[in-house]
Amino acid sequence: MDYTFNAIEAKWRQLWQERKTYQVTEDTTKPKFYVLDMFPYPSGAGLHVGHPLGYIASDIFARYKRLKGFNVLHPMGYDSFGLPAEQYAIQTGQHPAITTKENIARYRQQLDLMGFSFDWDREVRTSDPSYYKWTQWIFKQLFDAYYDLTLDKATPIAALISTFEKEGNLNVQAVHECQQHFDAPTWLAFSSAEKEAVLQQYRMAYLAESWVNWCPALGTVLANDEIVNGVSERGGHPVEQKRMMQWSMRIKAYAERLLEGLDRIDWTDALKEQQRNWIGKSKGSSVQFAVKDTDLQIEVFTTRPDTIFGVSFMVLAPEHPFVAQICAANQKEEVAAYQQQAALKTERDRQADVKNITGAFTGAYALHPFTGQEIPIWIGDYVLASYGTGAVMAVPCGDQRDYDFATHFNLPIPNIFADKDISEAAYAEKDAVIANSDFLNGLDAKAAMEKAIAAIEAKGIGQGKTNYRLRDAVFSRQRYWGEPFPVYYQDGLPQLVADDLLPVTLPDVDAYLPTEDGEPPLARAAKEAWSCQLGERMEYNTMPGWAGSSWYFLRYMDPHNQETFADPQKLAYWNQVDLYIGGSEHATGHLLYARFWTKALYDLGFIHFDEPFAKLINQGMILGKSAIAYVGPDQKMYSLDMLPANKEGFREVRILIDLLNDDESIQLDALKAWQPQYANQEFVCNAEGKVLVKREVDKMSKRWYNVVTPDDLCEKYGADTLRMYEMFLGPLEQSKPWDTKGITGVHGFLKKYWRLFHLNGQFEVNDAQPSPAALKTLHKTIKKLTDDLERFSFNTGVSSFMICVNELTEQKCNNRHILEQLTILMAPYAPHICEEIWSQLQPEASSIFTAEYPVFDPSYLAESTFDYPVSFNGKMRYKATLDLSLSIEEVQAHILEKPETQKWLEGKTPKKVIVVHGKIVNIVL
RNA sequence: GCGGAUGUGGUGAAAUUGGUAGACACGCCAGACUUAGGAUCUGGUGCCGAGAGGUGUGCGGGUUCGAGUCCCUCCAUCCGCACCA
């Protein structure tokens, strides 16, 4: 009987669905386990073989845990708001909801083909109103909260308002941007507009004018993590800095807790480092410098207060608000010109221009807080408006950028380090003894740091301070295909839409473009198109892509709840995600935002954990192997081995990899049929009449014509083969190029496994006592498999199955007990074939996934002898079989008597003999 | 520049605590069966060497009876961040 994988897989896909085999409910009699995949954005291209890699791994683990007796939550859904569907809508006029629905259907079909054990009754879609209702609701909670520093947590804003009413904000310890100080009577006298203006500076979700990344090509603002190398992540368009009124999230309030939490979760060091780096904590001090002949104080942040006596000038960001006020009359023109030129540059230009030092002198001077010395104030674009205070005290002897600036503009470079040469470059190490620095002389950096901060604080001109690179996250987008805000405007003030009016659904519009006044697309919606119309107008912005993905793992716990985002008891039962598998590209986006929202929801008492993902694994990317052909100046396509030494005039073209034969030659007729430009292509073939191509590793993508889809492979080899092959490819975390060639090995293995049951053409197992050899093979495999799964080593797991089946085939094992146990072990990896075999072994069972996982018994592996490798000076020379009951001394005596030992000793007396019991013998000559 | 990771056969890789380097598989070579099949089975396969043997985990050094594994220097590749004061 043949292994008819297509029929078997289709049969079980249907039966699992009918029997709801993977449906899960809360069950307090079992320990729970939550295995989560990063849900996909359903793009039009469908899945390629790289996408399911993580899903296969998580599916194997989820099935394994289920067999081990856990109640496993393993859901899937779609991150279905996003830019591609909207851009398709702009081009075609088709509503993004339709595109999205079609893409989801295709994704579902492909996912089903792979035989995943998702509980599809729990599916969520972020673009579904029943889902984004609760995204809007969470936004409301954040709008109605502020960060209380005394309690060190997000707290309902009502508490803050009540404090304002009693005592104003004079004693309030909170994360805010409010410059005003007021007492209770002043607060009470404020108009509602004034009150709201103040509250906006405290709210966790707030509306404020701030520096944002504006992408003119996309017509929207972007968060920092949506910008890669100075251009937009989507589309690669330039991005500029612009001051705009936007919704933001006060994630900065959580900077310290986001750092601290990393110590409590099981993520890779690389990923934790990336987040630490992004949060960018630095310790130092704020210092105020008085501007000569004015009342202004320029505040700077420095990580090196110990070098304060090395300050020889100051530099402000060109956008610094003081620039206009302090600028001397004779410098106005130069400064204005510089400001203008800096504003014209995009962030990318500024970055590309690091070596080009620019700046302008304002003509103003600051006074050194300790020496009273006059310090020239410059502006320069190496100082960023959005970091620290937008101003620096320049210490050229200790900072290379200050050094370069000083050198370029011929400013003094006083040396405050004893015995350090600064004639060529700044000395940035913190190990120099401080000199020429009044009360800091003779101190090392650490002591000087403490003393300097103390002196700064004593003078009342600053204080020890911690600064973070992390900035508040811009939360509004000028796009159509996103969550509408539950916000309207009354007297120009933002107001929340009442809970019973949620969700505010996405209104239909006539076009998916901004209006002529530059308003976002939602401004096009007719009044009646909105699900509710309040105040003067609704909010026209939509939420960013990361809004829905910041909490979806919570909704899976109770996806159909109409009363709340998830039932508290269910939240308490499922708790944290135990295992999260996904790509590392979300390190500073989704993974940070999800942690932030989790902490906020925890603070506000909605959930009982403050870290969402206890363990996280990043699967590596599967790369494609592009096929590159060479077209010569004569327009003929040359075989790789027919290329001249001088390839001048040749160009490389990528061709569809499906057009290749196994020997990497092109199917010429297929190429001609592929694209019109090749219809009459001429070739320069090699001696065998073939045109060979070069293979090169690229990202797997349609544009490189190197995509391999799971569909074709499932058709040809079956999902079980594909699942095991993807795992067999290498360690999960590693990136690796896809090569379909090796798949035959895994497919052959499954056939071999199948043959164990079908020796005589039909299904047959014997019920005799298993042989000791078979038991040993089995238990060796149980141990290896379990160890491998616990450390997520799926590739070695597949090898172990191969070894096991090879050994059982050799032993001609057809024993029921052995084969049943093996089948359970293999079921997580190859669910269809194992389920089919199980239905033969246990016809009354509904599914193999209700079976019990085999238990390892070490007694079957017990050995009485051991083949000692005998090495001389660490080099293995021969093996000696000895009884394991022998003592170390006895082993040594036996070994030394062996003729092989005498041969290798060459008459010498060993200096030393090392015996490790049951491991090795080493003789030192 | 800073931070992280990785370097092992022709290829994907294994070696979990310092203890037989290359498991398992692809590919390749030889053979069997067979009225071509992309089927199955057997044997071989790190490199040098006829063999004995030598040699071998990016380079160089160190610790150790013993190093792919630990330490130091350097090199290469990949990823992240980057005028962050």
Side-chain angles (χ1 to χ4, degrees), chain A residues 2 228-230 268-278 280-282 284 300-304 307 315 317 350-351 353-357 380-384 386-395 398-402 404-405 428 467-471 584-585 587-588 618 620-621 662 716 725 728-731 733-749 751-752 755 784 787-788 790-791 793 795-803 806 867-879 910-916 918-925:
Chain A
D2 283 344
V228 178
N229 296 328
T268 59
D269 289 340
L271 200 76
K272 288 185 182 181
E273 264 323 293
Q274 262 185 68
Q275 289 213 342
R276 287 196 189 102
N277 202 327
W278 189 261
K281 180 178 184 172
S282 49
V300 302
F301 172 75
T302 176
T303 54
R304 297 294 303 275
T307 63
V315 185
R350 256 164 101 152
Q351 280 174 14
D353 243 8
V354 173
K355 293 211 175 71
N356 194 3
I357 295 158
D381 68 4
Y382 82 93
V383 177
L384 305 175
S386 51
Y387 180 76
T389 61
V392 300
M393 60 175 224
V395 182
D399 182 287
Q400 193 56 44
R401 291 153 305 159
D402 295 348
D404 294 341
F405 195 85
N467 220 2
Y468 300 92
R469 200 185 75 99
L470 181 72
R471 300 180 206 165
S584 59
E585 67 272 21
T588 50
N618 293 125
M621 206 193 308
D662 281 352
K716 203 162 168 186
Y725 182 57
F728 189 57
L729 229 39
E733 293 96 326
Q734 226 167 75
S735 287
K736 50 233 156 188
W738 178 264
D739 188 342
T740 307
K741 276 183 190 153
I743 201 168
T744 54
V746 175
H747 190 61
F749 153 74
K751 284 200 257 187
K752 204 164 174 178
R755 240 178 283 133
K784 181 81 168 85
D787 289 354
D788 284 350
E790 294 294 344
R791 64 193 176 102
S793 178
N795 54 327
T796 53
V798 177
S799 307
S800 308
F801 287 127
M802 291 174 170
I803 294 167
N806 288 345
D867 283 354
Y868 277 94
V870 181
S871 40
F872 292 78
N873 286 341
K875 286 193 177 102
M876 208 279 282
R877 295 304 184 183
Y878 75 95
K879 283 185 191 172
K911 283 196 189 118
K912 202 171 174 185
V913 178
I914 290 167
V915 177
V916 182
K919 273 259 165 75
I920 198 166
V921 178
N922 190 19
I923 295 168
V924 187
L925 295 177

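Order of the sequence lines fixes the chain letters, A, B, ..., with proteins taken first and strands second; residue numbering starts at 1 for each chain.
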So, does [X] get its side chain near the phosphate of [N], meaning an N or O under 4.0 Å from OP1 or OP2?
{"X": "A/R469", "N": "B/A82", "result": "yes"}
{"X": "A/Q275", "N": "B/C81", "result": "no"}
{"X": "A/K736", "N": "B/G12", "result": "no"}

Base-contact (B) and sugar-phosphate-only (S) positions in nucleotides 19-24 of chain B, heavy-atom cut-off under 4.0 Å, - elsewhere = BB--BB
I need the [atom1]-[atom2] distance between [X] and [N], as an integer number of Å.
{"X": "A/D402", "N": "B/C84", "atom1": "CG", "atom2": "C1'", "answer": "12 Å"}
{"X": "A/L729", "N": "B/C26", "atom1": "CG", "atom2": "C1'", "answer": "11 Å"}
{"X": "A/R304", "N": "B/C84", "atom1": "CZ", "atom2": "C1'", "answer": "15 Å"}
{"X": "A/H747", "N": "B/A39", "atom1": "NE2", "atom2": "C1'", "answer": "10 Å"}
{"X": "A/K752", "N": "B/A39", "atom1": "NZ", "atom2": "P", "answer": "15 Å"}
{"X": "A/Y387", "N": "B/A82", "atom1": "OH", "atom2": "P", "answer": "13 Å"}
{"X": "A/D788", "N": "B/A13", "atom1": "CG", "atom2": "C1'", "answer": "14 Å"}

What protein N or O atoms touch nucleotides 75-79 of chain B N or O atoms at under 3.5 angstrom, if any, and at what distances?
none

task = For B/G9, decide between syn and anti, treating a glycosidic angle within 90° of 0 as syn.
result =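 It is syn.
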query = Side chain of A/R276, base of B/C81: donor and acceptor closer than 3.5 Å?
reply =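 Side chain to base: no pair present.
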ask   = Using the C1' atom in both, what is the distance from B/G80 to B/G46, to the nearest Å?
value =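 Per the computed distance, 36 Å lies between those C1' atoms.
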query = For atom P, what is the distance between B/C24 and B/A15, given to the nearest Å?
reply =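 Comparing P positions in B/C24 and B/A15 gives a spacing of 14 Å.
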A/D788 versus A/T796, side-chain donor and acceptor atoms under 3.5 Å =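 On atom types as modelled, these side chains qualify, holding a pair under 3.5 Å.
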request  = Would you please say whether a donor-acceptor pair under 3.5 Å links the side chains of A/K752 and A/N806?
outcome  =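 The answer is yes; a qualifying pair exists.
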request  = Ignoring the backbone of A/E273, work out which of B/U40, B/G4, B/C26 is nearest its side chain.
outcome  =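 Side chain of A/E273 sits closest to B/G4.
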task = Could you provide the dot-bracket string of RNA chain B, using ( ) for intrastrand pairs, [ ] for crossing pairs and | for bases paired to another strand, with Watson-Crick or G-U pairs below 3.5 Å?
result = (((((((..(((......[....)))((((((.......))))))(((....)))..(.(((..]....))).))))))))....
